[in-house]
Amino acid sequence: MINLVSSNKLFIPILSLSAALSILVFQHIENSSKPLPIGPQSSPIVLELFTSQNCPTCEKATLLANIVKDDENVIVLSYHIDYWNHLGWIDTFSNASHTNYQRNYEKIFDRNLYAPQMVINGKSEFNGANIRLLNSSLKKKSIIEKLNVPQIKRYKNESVHLFFNLFTNKKYDKAYALLLLNSNDVAINNGPNRGKTMTNTNIVMDRVLLQPENSEGNYIFELPPNVKETDQFKVAIILQDKNLNIVGASISKIQ
């Protein structure tokens, strides 16, 4: 005869062990030392990273962004801000317009400007070097619309021609096209990161407002004079509402 009391005594520790293992797995996912592969989802997730070559903790944030930038439906946009440029080194990709854009988020999130700041779909933000919060964001299902993939054609080291279609049923306030430099290594010879070679990724080189007469249109990005044959470019399209929430996005292939 089976002793029901003994059976229950055995069952309780087994259940407890199962619960403990679940907690350990969850903690491993949340505290992983590198970004997790994003789960399959039909909608893109846009990661806007505000960064600087002068910022000591920005290197980690950029490395994390570099790991996930080619994951399916992940769009990384690296904006190099200019308010760190007083420390002995001028960020080679810094732009005052990037700082001005970040100031809009300063008002929305009610916190001072800082780097590295990671903004997710224009709706939430955190320190871009925080791997736990990045993993948590990548696990969440994104609900922004995947737009038609923009088509681009590069003409030597002179220009990148963009052809786009903004057709969507979602309401938006403004549409932007962003020219991105895929990757660039910079040797830092002054400032807080002196002696380091920093990898910059998906660098926003230009950001233009699109105002097509209908959903389709084209635009020509002029490339800077120091472009190399080995440099690779792509173009992202984002649609934002009046609160800077991203409601639609897409990114081209590399040229």
Side-chain angles (χ1 to χ4, degrees), residues 35-51 61 64-79 98 101-111 116-128 130 132-152 162-180 182 201-212 214-217 219 233-254:
L36 297 170
I38 190 170
Q41 54 178 316
S42 58
S43 299
I45 178 170
V46 179
L47 313 181
E48 294 180 292
L49 176 62
F50 295 91
T51 185
L64 294 178
N66 191 52
I67 292 173
V68 302
K69 73 171 185 179
D70 293 323
D71 286 355
E72 186 177 3
N73 289 327
V74 174
I75 300 176
V76 171
L77 308 173
S78 294
Y79 294 90
H98 298 168
Y101 175 47
Q102 189 185 20
R103 289 191 191 283
N104 295 314
Y105 283 131
E106 180 184 25
K107 299 174 184 176
I108 290 173
F109 298 125
D110 192 25
R111 64 175 305 171
Q117 183 183 37
M118 184 79 79
V119 179
I120 307 297
N121 289 348
K123 297 180 179 179
S124 61
E125 66 84 33
F126 55 86
N127 187 311
N130 190 318
R132 182 181 65 83
L133 293 179
L134 175 59
N135 281 334
S136 177
S137 297
L138 291 175
K139 287 191 303 175
K140 295 177 182 177
K141 182 175 177 60
S142 178
I143 59 172
I144 67 176
E145 183 174 347
K146 187 172 185 177
L147 303 174
N148 291 309
V149 176
Q151 303 300 310
I152 63 172
L162 164 67
F163 306 90
F164 61 88
N165 187 332
L166 302 180
F167 176 78
T168 178
N169 291 320
K170 290 200 172 185
K171 294 181 179 180
Y172 66 92
D173 182 49
K174 293 180 180 178
Y176 292 96
L178 299 96
L179 178 68
L180 309 177
N182 184 57
T201 191
N202 273 24
I203 309 147
V204 176
M205 304 295 290
D206 199 1
R207 180 175 180 265
V208 297
L209 180 66
L210 298 177
Q211 296 177 306
N214 49 51
S215 63
E216 296 182 341
Y219 186 84
F233 294 90
K234 45 195 168 183
V235 173
I237 302 290
I238 64 169
L239 308 181
Q240 291 177 301
D241 65 16
K242 291 183 179 180
N243 296 317
L244 298 189
N245 294 320
I246 297 176
V247 299
S250 190
I251 192 167
S252 73
K253 293 182 179 180
I254 290 177

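Heavy-atom basis, side chains included; hydrogens, waters and symmetry copies ignored.
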Is the side chain of [X] donor-acceptor paired with the backbone N or O of [Y] at a distance under 3.5 Å, no angle test?
| X | Y | value |
| --- | --- | --- |
| Lys69 | Asn182 | yes |
| Asn165 | Phe167 | yes |
| Asp241 | Asn243 | yes |
| Ser43 | Ile144 | yes |
| Ser250 | Leu147 | yes |
| Thr51 | Pro116 | no |

Pairwise distance [atom1]([X]) to [atom2]([Y]) - rounded to 0.5 angstrom:
| X | Y | atom1 | atom2 | result |
| --- | --- | --- | --- | --- |
| Tyr219 | Leu179 | OH | CG | 9.5 Å |
| Leu180 | Arg207 | CG | CZ | 11.5 Å |
| Ser78 | Met118 | OG | CE | 7.5 Å |
| Ile251 | Leu77 | CD1 | CG | 7.0 Å |
| Lys253 | Gln151 | NZ | CD | 8.0 Å |
| Glu48 | Tyr101 | CD | OH | 3.5 Å |

More than 12 heavy atoms of other residues, nucleotides or ligands under 6.0 Å from NZ of Lys174: is that the case? no

Is it the case that more than 12 heavy atoms not belonging to Asp110 sit under 6.0 Å from its CG atom? no

Name the orientation class of the two ring planes belonging to Phe50 and Tyr79 (parallel below 30°, tilted from 30 to 60°, perpendicular beyond 60°). parallel

Applying salt bridge (charged side-chain N to carboxylate O under 4.0 Å, His left out) to Glu145 and not counting sequence neighbours gives none

By salt bridge (charged side-chain N to carboxylate O under 4.0 Å, His left out) - contacts of Asp70 (at least two apart): Lys234

Side chains of Asp71 and Leu138: does their closest heavy-atom pair fall under 4.5 Å? no

Closest contact, heavy atoms only, [X] versus [Y]:
| X | Y | answer |
| --- | --- | --- |
| Gln240 | Tyr176 | OE1-CE1, 3.5 Å |
| Ala249 | Ile75 | CB-CD1, 3.9 Å |
| His98 | Val204 | CE1-O, 3.3 Å |
| Val235 | Ala177 | CG1-CB, 4.4 Å |
| Leu166 | Ala175 | CD1-CB, 3.8 Å |
| Ser137 | Ile45 | O-CD1, 3.6 Å |

Run the numbers on Ser136 and Phe126 for side-chain contact (heavy atoms from CB on, under 4.5 Å), then give the verdict. CA-CA 11 Å; Ser136 177; Phe126 55 86; over 6 Å; no

Would Thr168 and Val247 count as a side-chain contact (heavy atoms from CB on, under 4.5 Å) here? Give the steps. CA-CA 10 Å; Thr168 178; Val247 299; over 6 Å; no

Are Asn127 and Leu133 close enough, and set up right, to give a side-chain contact (heavy atoms from CB on, under 4.5 Å), and what steps lead you there? CA-CA 8 Å; Asn127 187 311; Leu133 293 179; over 6 Å; no

Option among Val74, Ile246, Val119 that satisfies the side-chain contact (heavy atoms from CB on, under 4.5 Å) test with Val46: Ile246

Show, in sequence, the C-alpha distance, side-chain angles and deciding distance for Asn121 and Ser142, and conclude whether the side-chain contact (heavy atoms from CB on, under 4.5 Å) test is met. CA-CA 8 Å; Asn121 289 348; Ser142 178; 3.2 Å; yes

